[in-house]
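Order of appearance sets the numbers: ligands from 1, and atoms from 1 within every ligand. Computed from a predicted structure; not experimentally measured.
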Amino acid sequence: MTPLIIAVDGPAAAGKGTLARRLAGHFGLPYLDTGLLYRAVGRRVLDGGGDPRDAGVAEAAARGLRAEDLDRSDLRGPPADDAASNVAAHPGVRRALVEFQRGFAAAHGAVLDGRDIGTVIFPDATAKLYVTASPEARARRRWLEVRARDPRADLAEITAEMAARDARDAGRGAAPMKPAFDALELDTTEMDADTAFEVAIAMVAEKLATP
Ligand code: DC
């Protein structure tokens, strides 16, 4: 039997991480946050004093990635966001990470969240969700998150950084962020996490019931 694979793609702070983790719990599947892979590569480049926009340096960092790099505590926050988005634009970095993502889901299926899960990594995924929210709602959510760690967090700055990151993620030639043709779109602007979860469960259940 083909393992159950649920792809959850979409822009930053649309709510896909929380949703994907809860879907994994509900369906009894392993969960992979694929953004962490790009974040860990970006971190390795920064640690070595390199520039994440340098394709050669970024590819070498991606090829040398180890499982424990994903457990680092410094993979979130604006410098890591920016480094991740820059390394993710290099085709060689993306190629280096494909096998790990496919391997992760091979035995038992999985829920994976990212930008290209439904388009490139698992074009035959059982169900594909594309989770969005308005740029204002997403920036506000991210601001509230960052402010919990840093009271100086500035909403306007976060809004601008997020817009630049979205434009880079959607505008790159290699596996740009976009909904798969057969993705189900879920706009969470007016939803809390519980509502988004209920709607997503219904969408996936309907997909599973469709032969
Ligand atoms: O999901 P995230 O915000 O943690 O992702 C960080 C960056 O990594 C994001 O700006 C784009 C990149 N990314 C990607 O290109 N493809 C993925 N499957 C996941 C993340």
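Looking at atom 12 (C) of ligand 1, its nearest protein heavy atom turns out to be Ala88 CB, 3.6 Å. Taking atom 6 (C) of ligand 1 as the reference point, the nearest protein heavy-atom neighbour is Arg165 NH1, 3.5 Å. Atom 4 (O) of ligand 1 has Arg39 NE, 2.7 Å as its closest protein atom, hydrogens excluded (heavy atom only). In terms of protein heavy-atom proximity, atom 8 (O) of ligand 1 is closest to Tyr38 CB, 3.5 Å.
Taking a 6.0 Å sphere around CZ of Arg152, one finds it holds 12 or fewer heavy atoms contributed by other residues, nucleotides or ligands. The environment of Glu185 atom CD is dense: over 12 non-hydrogen atoms of other residues, nucleotides or ligands sit within 6.0 angstrom.
Within the 4.0 Å heavy-atom criterion, the part of Arg94 lying near ligand 1 is the side chain and not the backbone.
Between Asp33 and Arg39 there is no salt bridge, since none of the side-chain N atoms of the basic residue sits less than 4.0 Å from a carboxylate O of the acidic one. The pair Arg115-Asp9 fails the salt-bridge criterion, with no side-chain N (NZ, NE, NH1 or NH2) lying under 4.0 Å from an Asp/Glu carboxylate O. Look at Arg53 and Asp82 and you find no salt bridge, because none of the NZ, NE, NH1 or NH2 atoms lies under 4.0 Å from a carboxylate O. Salt bridge present: Asp74 and Arg43 bring a charged side-chain N and a carboxylate O closer than 4.0 Å. Residues Asp69 and Arg44 are paired through a salt bridge, judged by an N-O separation under 4.0 Å between the basic side chain and the carboxylate.
Relative to the ring axis of Trp143, Arg147 places its NZ or CZ within 45° and under 6.0 Å from the centre.
Comparing Gln101, Arg142, Arg115, Arg76 by heavy-atom distance to atom 5 (O) of ligand 1, the nearest is Arg115. When Gly35, Ala80, Ala7 are ranked by how near their heavy atoms come to atom 20 (C) of ligand 1, first place goes to Gly35. Ranked by closest heavy atom to atom 19 (C) of ligand 1, the top entry among Ile121, Thr34, Leu32 is Thr34.
In terms of N/O distances under 3.5 Å, ligand 1 is approached by Arg172.
Close approach of ligand 1 to Ser85 (heavy-atom distance below 4.0 Å) involves ligand atoms 10 (O). Atoms of ligand 1 lying under 4.0 Å from any heavy atom of Gly114, numbered from 1 in the order shown and given with element: 17 (C), 18 (N), 19 (C). Per-residue contacts place Lys16 under 4.0 angstrom from the following atoms of ligand 1 (heavy atoms of the residue considered): 1 (O).
Side-chain contact check for Arg165 and Ser85: no donor-acceptor pair (N or O, by modelled atom type) lies under 3.5 Å.
Put simply, no part of Arg168 is less than 4.0 Å from ligand 1, judged by heavy atoms.
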